[in-house]
Every structure is written in C-alpha cells, then in structure tokens.
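In each ligand, atom 1 is the first atom listed, and ligand 1 is the first ligand listed.
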Amino acid sequence: LSNLSTIAVGFFWVIMHRLPVLKKYLGNTHQKKAISGQRQNLPCIAPLLTTVEETPQFISAEVRGHFPEWLKGYLLRIGPGKFEFGKDKYSHWFDGMALLHQFRMTEGKVTYRSKFLQSDSYKANSVQNRIVISEFGTLALPDPCKSVFERFMTKFELPGKLHDNTNVNYVQYKGDYYVSTETNFINKVDIETLERTEKIDWSKFIAVNGATAHPHYDPDGTAYNLGNSYGPQGSCYNVIRVPPEKVDPGETIDGAQVICSITSAERMKPSYFHSFGMTRNYIIFIEQPLKMNMWKIVTSKIRGKAISDGINWEPQYNTRFHVVDKHTGQLLPGLYYSKPFVTFHQINAFEDQGCVIIDLCCQDNGRNLEVYQLQNLRRAGEGLDQVYNSTAKSFPRRFVLPLNVSLNAPEGENLSPLSYSSASAVKQADGKIWCSHENLHHEDLEEEGGIEFPQINYSQFSGKKYHFFYGCGFRHLVGDSLIKVDVVNKTLKVWREDGYYPSEPIFVPVPGATEEDSGVILSVVITPNQNESNFLLVLDAKNFEELGRAEVPVQMPYGFHGTFVPI
Ligand SMILES: *[C@@H]1O[C@H](CO)[C@@H](O)[C@H](O)[C@H]1NC(C)=O
Ligand SMILES: *[C@@H]1O[C@H](CO)[C@@H](O)[C@H](O)[C@H]1NC(C)=O
Ligand SMILES: *[C@@H]1O[C@H](CO)[C@@H](O)[C@H](O)[C@H]1NC(C)=O
Ligand SMILES: *[C@@H]1O[C@H](CO)[C@@H](O)[C@H](O)[C@H]1NC(C)=O
Ligand SMILES: *[C@@H]1O[C@H](CO)[C@@H](O)[C@H](O)[C@H]1NC(C)=O
Ligand SMILES: [Fe+2]
C-alpha cells in the first residue's frame, strides 16, 4: 500500500512538474523571435511518414544519367516503415517498425528491394494484429487475456529491456552486419537477403542495458560503443570494446568488455546520448542536459505513459565532456563544461597539439524528441509551420579540449594552443575548464535550416584532421537538401530539388583515390507526390553535381541511417 501511495504522489508530482514545461513549449511557438531558416507554408510530408508495403523481390531501377562502372556494392538503409497494427497506432516517429532497404549497384545497373525486419516485436504485433510491445513513444495496452495480477506485475519494467525493433542504423561487429537501435537488443542480418539471422542481447555479454546505434571502429575492425547501465545505486555510462576477430566461427559479440564506467552526475537522472566521439587514442562522451528520469521511466507503465515521457530537457545543467583513454580505459581528470546544448550526431574528432578537437551537430535545446510525434509531423498548413518553427535547428560546432591542464595553469586564460580554431577552453577558479565553441559555418547554413546526418570519409579520416563532411539540410521537418561542408574554409555546396527529400548522404571513394573527396555521394531521394518516382541519387563528391539517378516506382518512408558495402 505504501508503494501505491508513493506512486500516486509521484503521479501528481509529475503532472505538476510537467505543466510549466508544456506551457512554455506551447507558448513559445508563437513568441519565438524570427530566425532565418524558419519558413512558412511548408508542404505536407505526411506521405513520407506513412506505412508502406515491402518489396521483397528485386525490381530493376530505371537509370538516368549514369552510375560509375566502378561503383559496385549495396547501399543499405533502415528506418520506420509501418506505423500501425489493426486499430492500434504508434505515436512517435521513432516507433515505426524497421524497414530494410537495399540498393544493389553493379556495372551501372541498379536493383532495389525492401523487407520488414522480422523482429520479435514485429512478429508479436503481427500475430495479434495490435501493438503488444511498447516502443519509445508508444505504450502498448495491457493484454486483456492476462490476469489482474499478471498485468500488475508487468507494469514495472527496466528501461532498455524493451523491444528489438532495431530501426536506427546498420552497425558492424567482427565483420558481421547488425541492425541497431538503443535497447539491449541488436539483430544480425544477412545483407543479401535482408533476413534476420540472430537476435543478440547485449546484457548477456556485459553489464549494460543497451548501446548506441553509432559505434566507432578502429582501422583493424575493433568496435567501440557506449551503453548505459541502470541499477539501484545509480546509473553509469559504459565504454564498450568489441574485439575485431572471431575465435570461433559462431561468435557474435563475444569478448565484448566494458573498459570504463563513468558515473552519472545525478544518480537517478542519467543523460540521454545518441552518439559519441573517438580519436586515435580517446573516447569522448558528452553528458548533456537531456535527462532520463529513471523514476519516471520505471513507473511509466503504471502512469500510462511511454518511455519518451521520462526524457526531459533540463537546461539548468551545463553540458559536460568526458575524455577516456581508449587503451588504458582511464578517465582523464579534466573537467570540461560548456553552456547547455544537445547533440545527436558527432561529425568527427581528432588530436592536435595536446588537445582533442571534437566537431558536433549541436542544438540549443533538447525538445525535438517530444516534437517528433507523428501527429505533429503529419500536420498540414499553419499547424505544420508551427511545428517546424518550434524545432531546434542543428549546426556544426567545434570544441577544443586541452588534455594536459596542470594544476598551476593560469585562471581565466584560453588554454587552447590552436591557431586555426577560435574555440576556447578557459580554466575557472573552481578548476573547471569552460569550453566555448567555434561555429563551423557561416550564415548561409542558417538559410538551409541547419544540418544533420553528418557523414565523412570514415575509413580514412575518422579520428584525423579532415576537410569535409556531408549532411542533410533541414528547411523542412525532414532533410530537404544535401550539403557538403568544407570545415576549413566554411563554405557549402548544396544539392536541392523542390518537393524532394534526400536521406543521409553516404560517401563512397573512387578506387585508388588520393584526395579526401574523390568519390561519390549516395542518397535516397523521396517525394510525397504519388505521380513521381523515388530515386537513388549519385553526386560527384567534389563538385556536388549529379552523375545519375536510379528511379524506383515504389513508395518509401523517410528513413534514418545506412551504409555502403562494397562487393
Ligand atoms: C514561422 O516562422 C516564420 C518566420 O519567422 C513566420 O513568418 C511564420 O509566421 C511562423 N509560422 C507560424 C505558424 O508560427
Ligand atoms: C602531457 O604532459 C606530459 C608531461 O608533460 C607529457 O609526457 C605528455 O606527452 C603530454 N600529453 C599530451 C597529450 O600532450
Ligand atoms: C580552402 O582553404 C585551403 C587552405 O586551408 C586552401 O588551400 C583552399 O584553396 C581553399 N579552398 C577553397 C575552395 O576555397
Ligand atoms: C577516404 O579517402 C581516401 C583517400 O581518398 C580513400 O583512399 C579511402 O578509400 C576513402 N575511404 C572511404 C571509406 O571513403
Ligand atoms: C505530380 O503531381 C504534382 C502535384 O501533386 C504536380 O505538381 C506535378 O506537376 C506532377 N508531376 C508530374 C510529372 O505529373
Ligand atoms: Fe542517429
């Protein structure tokens, strides 16, 4: 009984606590000062966020222009593709059932196919023709067949122990491909047939409740990732290492290790994170004020709320950087802080003159997760403009973290020795190092609505000083342009076609390339107009001019991430 009253009190506390946040958020959409990049009369994109059919048999694409002969391989992409079962509908964009897309390119020809990931979540929902597994933003209703006692017992659940609808990204461990989200499950897939071959539970190997969908890789194939662990004593952020080789052929992530555990600043409120940075020697973890309220999450079912309700932007906290030595697993002593911001995707990081330099796509507030409800994204007219105006735009910023700060370093002085970056790191009286960023862009990127889905020439330039990255511009709620950013000169090259929405650009090098940007950019471009085709686009990465497109008369929803696999 005392448990129940605690929960009841908590319930009211949560409602009272949420009210000001909601009011502020709703009120703000009208009062916000006009910044460039905000637009009016956005066309409705609801068809891009609607359930589609899978296309399990190969279909040939119609190639216009040309696909280079040397371009041989698969472009694999993933994203949500089914948003309801029977009468039940998902609430949040991130909840949709994973749809796997495959474009196969050989000798200038292109084929396409897609399949729904046969996850346990997908199968369970399909069998019952209703949503039986809760997702990030959707609470499954209790099974009417269970007894009252059983229903009560299933009301508490650990975050992470959720679902295997791994709809965010393709990742690689020991040479095998998996699809991943951020729960404890990853699904191994055969990239040729798009069939799931195995379901892996991180928590069976190491003490984590999940890992990001954006691991990093060393040139030898060693993978690094970051995963939370939750416990009664509090929460930790764990740096994970997965070795590159299999000792036995049947292995998956065997040999995975936690090499460093970082205690959350607030025990019951760890930060949400979506990616992290890596240089040759260091892992950089960013603890941002987008907080996961464990108490709210653990009680979410009993409160009738989805997990997403327990994640809140709390800008009273600053953003903090943690640097971990990859080889020793040691956390460096530097206390690096900056004003509050949120990052979903790091761009690249490298070391120079005793510093870690980290480039991130940053947003000044962390409310986009709550904005990305399907009912918001599917609006039309002024309602859609309002939603767009209320989203935080994302811009590339550089931070410099000096590694060797001695105890007698002068206070108030910039400790960054880098002549090429205006980012500063100033030691304060309390010993903290206050980091201020350098913008890696000029005003023209604001006109593009900011940039997300950053990609680089990874195998050659990850962890190294680099010149270019590629991403999507966001003059709409989904990407509506492809942008090449020169981070040295801060110039842009832009590809755009009105009414078309390109996906995350993937860089593929031309064989024997010697320059960072000799190669092509691949992006899947989709349109809500039923009378026009979606297509796979190939751009020359140097000048951003179109080489060709391969049209497929198949409806596709807007997806998240992907990868190129050469054959
Ligand atoms: C969105 O922002 C633009 C630019 O500031 C403004 O003109 C427009 O009225 C806003 N629309 C809504 C619905 O808030
Ligand atoms: C930090 O300082 C120590 C001693 O001065 C030196 O050995 C080490 O190489 C320095 N590390 C970096 C990253 O500059
Ligand atoms: C960019 O800057 C480099 C020097 O860092 C210079 O050599 C190059 O010409 C510049 N490129 C362009 C396109 O402005
Ligand atoms: C990156 O660029 C180098 C030099 O152009 C090239 O050799 C390499 O294959 C590229 N790698 C990737 C993954 O793009
Ligand atoms: C397709 O439909 C849109 C409006 O829905 C129209 O603007 C466009 O011209 C049409 N395109 C073709 C190729 O018919
Ligand atoms: Fe992502």
Taking the Fe ion (ligand 6) as the vertex, what is the angle from NE2 of His345 to NE2 of His561, given to 10 degrees?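 His345 NE2 and His561 NE2 form an angle of 100° at the Fe ion (ligand 6).
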
Step by step, work out the side chain to side chain contact (heavy atoms under 4.5 Å, CB included) result for Ile311 and Lys296. CA-CA 9 Å; Ile311 303 184; Lys296 281 168 84 174; over 6 Å; no

Donor-acceptor side-chain pairing of Gln373 and His92 below 3.5 angstrom: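 Short answer, no.
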
Need the ligand 1 atom indices (1-based, order shown) with element for anything under 4.0 Å from a heavy-atom of Glu382.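 Those qualifying, in numeric order: 13 (C).
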
In terms of atom number and element, which parts of ligand 1 are under 4.0 angstrom from non-hydrogen atoms of Asn389?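 Listed by number with element, the hits are 1 (C), 2 (O), 3 (C), 8 (C), 10 (C), 11 (N), 12 (C), 14 (O).
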
Taking the six-membered ring of Phe83 as reference, does the cationic atom of Arg378 (NZ for Lys, CZ for Arg) lie under 6.0 Å from its centre and within 45° of its axis?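 Positive - Arg378 is close enough to the ring of Phe83 and near enough to its axis.
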
Among Asp164, Asn167, Leu194, Thr166, which residue satisfies the side-chain contact (heavy atoms from CB on, under 4.5 Å) criterion with Leu117?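 One option only clears the test, and that one is Thr166.
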
